[in-house]
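Computed from a predicted structure; not experimentally measured. We name chains A, B, ... by the order of the sequence lines, and we start the count at 1 in each one.
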Amino acid sequence: MSILVNEDTRLVVQGITGREGSFHAMRCIEYGTKVVAGVTPGRGGRVFNDGIPVFEAVERAVKETGANTSLLFVPAPFAQDAMLEAAEAGVEVIVCIAEGVPVLDSARVLRYLHSRGSRLIGPNCPGLISPGAKCKVGIMPGAIHKPGRVGVVSRSGTLTYEAVSQLSALGIGQSTCVGIGGDPLIGTNFVDVLALFDKDPETDLVVLIGEIGGAMEQEAAQYIKESFSKPVVSFIAGATAPPGKRMGHAGAIITGAAATAEAKNVALKEAGAHVVPSPGAIGATVKSVLGR
Amino acid sequence: MSILVNEDTRLVVQGITGREGSFHAMRCIEYGTKVVAGVTPGRGGRVFNDGIPVFEAVERAVKETGANTSLLFVPAPFAQDAMLEAAEAGVEVIVCIAEGVPVLDSARVLRYLHSRGSRLIGPNCPGLISPGAKCKVGIMPGAIHKPGRVGVVSRSGTLTYEAVSQLSALGIGQSTCVGIGGDPLIGTNFVDVLALFDKDPETDLVVLIGEIGGAMEQEAAQYIKESFSKPVVSFIAGATAPPGKRMGHAGAIITGAAATAEAKNVALKEAGAHVVPSPGAIGATVKSVLGR
Amino acid sequence: MPRGQVASTPSEAEAVCRDLGGKAVVKAQVHAGGRGKAGGIKVVNSPQEAHDFAASLIGSRLVTAQTGPEGVPVQKVLVEEPAQVARELYLALTVDRAFQGPVFIASAAGGMEIEEVSATDPEKITNEGVDIAVGFQPFQGRRVSHALGLETYQVRPATRIMTAIYKLFMDQDCSLVEINPLIVTANGNLVAVDAKINLEDDALFRHPELVSLADPEQEDPLEVEASQSGISYVKLKGTVGCLVNGAGLAMATMDLVKEAGTAPANFLDVGGSADEDKVAKAVNIMLSDPSVKRILVNIFGGILKSDVVARGIVKAYSQREAKIPLVVRMQGTNVEEGRQILADSGLNVSFASTLIEVEEKLKTALP
Amino acid sequence: MPRGQVASTPSEAEAVCRDLGGKAVVKAQVHAGGRGKAGGIKVVNSPQEAHDFAASLIGSRLVTAQTGPEGVPVQKVLVEEPAQVARELYLALTVDRAFQGPVFIASAAGGMEIEEVSATDPEKITNEGVDIAVGFQPFQGRRVSHALGLETYQVRPATRIMTAIYKLFMDQDCSLVEINPLIVTANGNLVAVDAKINLEDDALFRHPELVSLADPEQEDPLEVEASQSGISYVKLKGTVGCLVNGAGLAMATMDLVKEAGTAPANFLDVGGSADEDKVAKAVNIMLSDPSVKRILVNIFGGILKSDVVARGIVKAYSQREAKIPLVVRMQGTNVEEGRQILADSGLNVSFASTLIEVEEKLKTALP
């Protein structure tokens, strides 16, 4: 098993005819993902990669192909529209890759999702992958992953690839890797993903990769302490970041004491997580915790 | 028993220090309603009728007096604010008397209530009364009512009083009378109230008083046909109203075939309701249906 | 929008038509839909023709499906350049009761009344509800555009029009924004030929700048007078004037009059908090209507006291020295006092206690 | 808002002060909070004093808690009438992560930095979240007003201020609107003395008219240059320049540099879709920083190919004839080709395969 994406995932790619969309749709197909449809307004009726129908609207894609998951390659200014379109069409998992979505657009989308059944991953995230199910819904390099029993959840993209490749190099496979995104407002947070991993019988341990900004890691620590039953290995990026300066991600900015890496590490340690001090040691720490 | 308001109703009156608010708060108290608090911004700290505390905010009234129902005497321009304040404070039943609430204000309030537990009655309604529980939350003349086992639900004010007095004159008492309001957008519709009456063991029959405009009576007919287990006596006002003209109530306007009294009567008859042709015969029809 | 100008005289219309190159569309400027059908719009092929058509309109009354039989006065015409029309579409935004929010209504059958299309070809109508929590979205614009059969390159301008309509609707508290027809020109452009905007009366307090735009001349003078006194009044075609408190009871009273074999002369809700003067005003309005032969008073008093109603009636009758007979049914507070006042007034009053009695009185005393 | 005017010269400031009656508050006009504490605001009691204080500010650089150590240049001052202050309040609107929407932050401790109040007296701060589905409501204005200890007659003006802030925030896509202090004058009026508005960069595409208001002079020139090329760059105080793809990995790389016993000279995320020129630009920016003694390249290639990165590095180095040594770790696509290009370039490069190796290389090769 795995969480969020698996063998039953039927993917529609929004923006499939664009440069980025078509490139990554191909990589997902190559990895084994069931890409059943594409959507590009104005390009409905085309066929992608010799067999995947392109629709004008997500609604049609869902009706005609049974798509249940959407991967958005839509520029940030149009992401609100595309996310709402997917949610309104009843897509269950919506993955928004775009960086630079205006925060009030995200606020509107999240407000809309309150009363809907859809789950949003992102924005500003690499997506998610379940190697055992050969299902990749995102932009991560598929080859570094390995099927296995460690869950990964992270606010970052390349830092997650780094962690995954450390794991794979040590022969430790992953159940699902979820990039939740680097924006201040995101659809799915650490606690949401931890709760899913907790119930997943095929996940033994979770690697949690946080960063400066906000207090989401403290909420995760609280949850780990009170309700989470599996070991957690954590790394928080940005111990050397100065206060008040945005470190790339819109969400990575120290605006108060809780937002520092130090405060987050303290909370996680106190909750029983295995806190990794240096990013090079994530894999080794997991190996040692699993070995116990 | 009764529906929506009963012995457990703890009423807060919003706008209690105004002319209308204080007049009707007194009438409710005289009838037996447990009026536990008043709210008038800027008048917090006063005492109404020798013992009822007046608060600045509904939130305080709920916290300090356990109010669970609110009756609003707030002018239409301020009704949106007052309704949202009550909903946010966790009031379970919110009754808005005001006529002339802008329809987009009602739309906003209803959108807000989607994701909340509060129920709105009105706007533009006389409120509701459960004579057996000595609980009146509205502006209807209490004296015409009589405890009993007939439920009344109506879009109108005085026409409901007319129907109730016909019933009482024949010795037929009421379980609860609900005025749902004459606006095009209202918080609680016929189907909502019918569903509550269906489950109420102390209601034997329901009098439904509709009028021209919209298709709410047809929805009620559909529900009666499919799910409602008790006899219904119905009267639809406005058989002689011309199309395209607003008959007093913002919602009473014939804008299409479904909005006519005739279409509504046909639907109700077809659903098995006892359709009363003349408003003078409501009481007599109920008596004859009950007598069978 | 096409180029054009408003003209108040036939010669102005002629001049504008000449400026536009000699061909134009001349439209009566009135607050009512259905102008085209009623002969209020004409394509003219010369300035002279513009002059003549304007002359036939200005100063006349235009009767459309949406006006009363008296019609509305035409004081100005709009002279516009004609468009080469490929298709006519219908696009409107209104608040939908079932959806509980703003809903776009679109149809490829433009130029027709939407009610008519709805009755004959309901499948030709698309409804698109907008969630006010997030506002109108471009994907909805695409969906409506496709339903209207627009081409890909027309989707963006169509969406822009809908976005603008939505913003106008929400910002100005409209009850209706309607573009009919929205034409697709021969070269594929979208042009709003005729637009109608209804403001919501209840929200006018938020838009004091718009209140002055109301044009009372376009409405029935008795209705305007009533509305200024806070009385809901609608003129009807019968002979029995009805004075009632409450809109539902007022409609039911009209129905009762019909059941009695005659017909109501009006809908009239005097409201729950009326005083003597307001009642007198209401009676006065009915007495000014020459078709009123009898007056039926049906008051279910709660807040409104019967003696107040009675005094108001007597006041209006004595001011006008009116003789028209009354059927009076009052229930509630101070009924005896009210009856006494009327009995002592010398007016021709017959009393009833129940609606059944009212019906009988109306039957027996047909004028 | 108090009366006042912007002045670009000391004598202009003197004249404005005279117009205001001889007493005024002179404020440095810079894009940074914390001006008051940093000596950028002064109450002056004569036009001469206004002249002298303006002279000391204009042309100087102001260093506040929110600027870098270099500060920001002052080119203008604002000269305003002084208010009789009874109380100083704090009021701001920002997007809260946990609430997932706009939240008002209010405190009776105005004039202070909110972070400071939050650390010492958190109970003095009120948060009021706004549901964007319905917008800011008057009852929320009353609640905040009460929390601020305002009198009943001040609730309405305070609510009006909050309503205006909310509208500004939503209409202009702000990330922060802050009034600090919001003063209560001796006669009970509310006056916004100092306001700060931050626009959200990501939403500027919706507000082209606001883009021109940005004042690059107020920012670090290298950061401006990077930002114009789509590179995320933040200048830091160490000596190891860091070229990384991805913000998280870039922060982790900085942390690694620290673990190795030295310090990063910058945060730099070149992005996932960089080409040769963008990489060269990024390297160039680091080479222009005199404190950079070494450069660490840490690229986890997915879309970004190692050979492209290598060519970009070589290009920048050869343009500048730079000699600064490099530690290079590249993983992903075309790694061998990339290493070969660097190995053939003649640059002083040491390669690492893992982060552990990077750490070792940094330790053994301290400058």
Q) Which atom pair, heavy atoms only, marks the closest approach of A252(D) to A237(A)? A) N-CB, 4.0 Å

**Q.** Nearest non-hydrogen partners of L256(D) and P279(A), listed with the distance
**A.** CD1-CG, 3.9 Å

Q | A250(D), part contacting chain A, at a heavy-atom distance under 4.5 Å | A | neither

Q.
So which residue, G246(D), P264(D), A263(D), A247(D), ends up with the most heavy-atom pairs under 4.5 Å with chain A?
A. A247(D)

Which donor-acceptor pairs sit under 3.5 Å apart between chain A and chain D?
unit_1  : atom_1 : unit_2  : atom_2 : d
V103(A) : N      : E200(D) : OE1    : 3.0
V103(A) : N      : E200(D) : OE2    : 3.0
D105(A) : OD1    : R206(D) : NH1    : 3.2
D105(A) : OD1    : R206(D) : NH2    : 2.7
D105(A) : OD2    : R206(D) : NH1    : 3.2
R111(A) : NE     : D131(D) : OD1    : 2.6
R111(A) : NE     : D131(D) : OD2    : 3.3
R111(A) : NH2    : D131(D) : OD2    : 3.0
T158(A) : OG1    : N245(D) : O      : 2.8
E162(A) : OE1    : R329(D) : NH1    : 2.6
E162(A) : OE1    : R329(D) : NH2    : 2.6
E162(A) : OE2    : R329(D) : NH2    : 3.4
I186(A) : O      : Q100(D) : NE2    : 3.4
G238(A) : N      : D255(D) : OD2    : 2.7
A239(A) : N      : D255(D) : OD1    : 3.0
A239(A) : N      : D255(D) : OD2    : 3.3
T240(A) : N      : D255(D) : OD1    : 3.1
T240(A) : OG1    : D255(D) : OD1    : 2.8
K245(A) : NZ     : E223(D) : OE1    : 3.0
G251(A) : O      : R97(D)  : NH1    : 3.2
G251(A) : O      : R97(D)  : NH2    : 2.4
S278(A) : OG     : E359(D) : OE1    : 3.2

Q | Residue, of G100(A), P141(A), A107(A), that accumulates the most heavy atom pairs under 4.5 Å with chain D | A | G100(A)

Q. Side chain, backbone, both or neither: which part of I144(A) has a non-hydrogen atom closer than 4.5 Å to chain D?
A. side chain

Q.
Is A239(A) close to chain D through its backbone or its side chain, or both, or neither, when contacts mean heavy atoms under 4.5 Å?
A. both

(Q) I'd like to know which of V101(A), L110(A), L104(A) tops the heavy-atom pair count under 4.5 Å against chain D. (A) L104(A)

Q: Look at G256(A), A250(A), G213(A) and state which one has the largest set of heavy-atom pairs under 4.5 Å with chain D.
A: G213(A)

